[in-house]
Peer 1: 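Mind having a look at this structure? Questions to follow.
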2 protein chains.
Amino acid sequence: MPRDGSASGKSGDKDRILSNVALLYYGEGLTQSEIAKRMDVSRATIVNMLREGRERGIVEIRVDGAVLAASTISRQLCSKFGLADAYVSRSRAEGTGPATRSESLAQLARVAGMAILDVVEDGNTVGVAWGETIKAVSEAMPFERAKGVEVCQMIGSMVSDRVPASEDCAIKIANRLGAVCFTLHAPAVLSSAALAETLRTEPTIAAQLQRLEQLDVAIFSVGNTAPDTHLVAAGIAKPEELTAAVSAGAKGIVCCRYLDAAGHKISLAPDDQIVAVDIDHIKNARKRLLIASGDDRAEAVLACLSGGIVSHLCVDEPLANLLVS
Amino acid sequence: MPRDGSASGKSGDKDRILSNVALLYYGEGLTQSEIAKRMDVSRATIVNMLREGRERGIVEIRVDGAVLAASTISRQLCSKFGLADAYVSRSRAEGTGPATRSESLAQLARVAGMAILDVVEDGNTVGVAWGETIKAVSEAMPFERAKGVEVCQMIGSMVSDRVPASEDCAIKIANRLGAVCFTLHAPAVLSSAALAETLRTEPTIAAQLQRLEQLDVAIFSVGNTAPDTHLVAAGIAKPEELTAAVSAGAKGIVCCRYLDAAGHKISLAPDDQIVAVDIDHIKNARKRLLIASGDDRAEAVLACLSGGIVSHLCVDEPLANLLVS
DNA sequence: CATATTTTTTTACAAATGTAAATTTGAAAG
DNA sequence: CTTTCAAATTTACATTTGTAAAAAAATATG
């Protein structure tokens with residue numbers, strides 16, 4: 001096996017060979033066969049080396065997110081809503097029929113991953129919510145080592161069929177950024193307001209809530225107020241509570257809090273049973289990235305935009321079109 | 001960063017489509033055919049889009065250079081010569097016959113490009129020499145925007161058949177780094193020492209020489225003292241001058257200056273007719289990257305290493321083996 | 001020392017990709 | 001409205017690439 005004639009078989013040398021092969025292929029533009037001939041192995045071995053190089057992160061393929069924030073539609077969004085940046089994902093040509101929800105979500109997640117890399121700077125404290133959208137983002141995010149970043153879970157945990165483990169969102173994103181992760185060791189919702197209040201004063205939880213008051217970056221999505229919205233599906237709010245909130249004017253749900261059309265918080269049940277970041281603390285963050293996909297979120301996104309909760313927006317193209325019109 | 005910024009408005013959208021296609025392909029792992037079907041165009045169009053994305057730098061494929069500095073042989077180099085880092089390029093398996101000079105140089109150039117990215121930090125002033133090796137490096141270097149970097153040409157210009165335009169080395173490297181470039185508006189060699197001295201006091205040239213006294217990073221190669229060495233081939237030194245220097249113990253040539261085996265400068269003709277950085281000023285730089293390829297440079301590289309002129313080394317594998325033995 | 005077990009490499013084939021020439025599209029000029 | 005030219009797109013084909021399953025090496029086991 002060690003056709004590497006020179007003595008020693010340390011692991012660093014294998015990496016070096018991997019790296020040099022990757023260089024010949026991606027950098028120099030040689031074909032796999034040419035490299036195989038040079039290195040005197042079969043082409044399949046080169047294929048394997050290249051894959052290993054990619055998997056191990058020795059080769060990194062990055063798509064520049066800046067251009068996604070440079071299109072006309074994103075400029076329209078920025079000027080209309082006073083945003084710092086807007087990223088628009090696009091998954092298929094118009095007139096090709098609508099993309100499936102999962103198709104569109106996956107593509108948005110990739111774009112959002114890049115948006116996060118653009119937005120997060122060394123040394124930042126980053127709050128991460130959870131939900132279907134954020135979960136997709138956490139899984140699609142590319143790796144990039146940042147220095148001194150802290151990631152904090154913004155909403156207590158919950159078991160739901162759509163999001164198996166809610167801590168996982170923050171943990172994965174922290175992992176991709178090479179950051180430390182602070183999770184919130186509490187359920188998202190408790191059976192009584194009193195118990196929630198007690199928990200909020202528990203040292204470990206209080207410490208986390210304090211961190212959440214001083215975020216540099218907040219990353220979150222928004223739910224709509226349809227009867228099957230995630231808040232209800234996850235068992236955090238009861239259907240009748242949602243109905244009451246809707247009657248009171250609720251148009252969107254951010255971090256388990258209801259928002260009216262103007263983006264103001266509506267403090268209805270189960271609001272005081274929740275352990276999560278407060279909307280006002282999100283507003284305190286310098287950069288507030290809202291990630292949303294799907295036409296049915298338009299009203300909810302608009303509520304967030306009106307309330308000044310958003311500084312950076314990441315949406316799919318159909319939703320972007322709805323928002324500018 | 002070039003945030004599109006202009007009236008046309010259409011170019012940004014095209015970029016966005018490009019970027020999204022690249023994302024589907026490189027990020028999501030879809031095949032070109034799948035993307036073509038989704039976007040309702042032919043697959044060939046996708047191929048073109050992907051190529052354009054790569055050419056325009058929207059997609060970036062990077063190979064991590066760190067692993068090249070992690071192999072046993074590079075560790076041996078570091079400890080034997082007290083280097084901060086050593087990069088070793090490898091282009092074919094041993095026993096497959098020696099690589100051609102240009103093959104080996106091209107591969108080394110790629111590795112050197114990554115070494116430069118590793119070594120240069122935001123805000124640095126970087127001195128760049130010129131020559132066959134440096135030219136290859138400048139052409140193989142990947143793009144990466146650094147902030148506030150200044151690149152300075154370390155040797156006056158010269159027309160030679162091996163290196164058509166000497167300024168080009170510094171300019172290209174500056175370009176790849178997104179840095180400003182200060183060229184040295186003087187010939188490398190002048191007909192008399194007096195004229196050289198006069199030129200050195202010319203304001204624009206004096207200013208550049210002053211910058212060269214305060215480099216953070218110096219990037220250079222080393223020539224050997226064979227009769228056809230570049231210094232002679234480029235017409236900077238006369239054959240008889242080289243012969244004299246060799247008699248005096250010259251073993252290598254760095255930035256047009258002769259070095260003896262201990263790495264000390266030998267001030268023989270045409271030394272005082274040269275307009276270029278001084279060896280001592282290179283030594284002042286915190287990081288001093290020597291890039292060299294080919295067994296025939298072993299003695300010259302050893303001279304540099306002995307003289308403490310080098311902190312970071314980038315060589316091909318055969319040369320590395322010679323150096324450690 | 002032979003034999004199981006794992007890992008790595010290879011062979012052979014199907015799928016995906018790149019390319020050049022032909023075609024269409026779009027814009028500018030007559 | 002037609003003609004002309006350039007750019008973009010498609011078609012058809014040759015090449016390159018990924019992936020099985022088979023073979024060979026290395027490692028571990030009795």
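Just so we're on the same page: letters track the sequence lines, and every chain starts at 1.
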Peer 1: Would you say that B:Ile134 contacts B:Ile219 through its side chain, given a criterion of any heavy-atom pair below 4.5 Å between the two side chains?
Peer 2: yes
Peer 1: How close do B:Ser104 and B:Asp316 get, counting heavy atoms only, and between which atoms?
Peer 2: OG-OD2, 3.0 Å
Peer 1: Does either side chain, that of A:Asn20 or that of B:Gln107, offer a donor lying less than 3.5 Å from an acceptor on the other one?
Peer 2: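 There is such a pair between these side chains.
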Peer 1: Can you name the closest pair of heavy atoms from B:Met141 and B:Gly113 and give their distance?
Peer 2: CG-CA, 3.4 Å
Peer 1: Measure the distance from CD1 on A:Ile46 to P on C:dT11 and round it to the nearest whole Å.
Peer 2: 14 Å
Peer 1: Identify the heavy atoms of A:Glu132 and A:Leu105 that sit nearest to each other, and give their distance.
Peer 2: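 Shortest heavy-atom contact: O-CD2, 4.4 Å.
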Peer 1: Testing the 3.5 Å rule here: is there a donor-acceptor pair between the side chains of B:Tyr26 and B:Arg54?
Peer 2: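 A donor-acceptor contact under 3.5 Å links the two side chains.
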Peer 1: Contact between A:Leu313 and A:Val88 at the side-chain level, heavy atoms closer than 4.5 Å - yes or no?
Peer 2: no
Peer 1: To the nearest angstrom, how far is B:Ile35 atom CD1 from C:dA16 atom P?
Peer 2: 12 Å
Peer 1: Name the pairs: protein N/O against N/O of nucleotides 21-23 of chain D, kept only if under 3.5 Å.
Peer 2:
none

Peer 1: Spell out protein contact along nucleotides 10-17 of chain D as letters: B when the base is contacted, S when just the sugar-phosphate is, - when no protein heavy atom is under 4.0 Å; keep the 5' to 3' order.
Peer 2: BB-----B
Peer 1: Please state how far atom CG in B:Leu18 lies from atom P in D:dA8, giving the value in whole angstrom units.
Peer 2: 12 Å
Peer 1: Does A:Ser79 have any side chain to side chain donor-acceptor pair (under 3.5 Å) partners at least two apart in sequence or in another chain, and if so, which?
Peer 2: none
Peer 1: Between P on C:dT17 and CE on B:Met49, what's the gap in Å once rounded to a whole number?
Peer 2: 16 Å
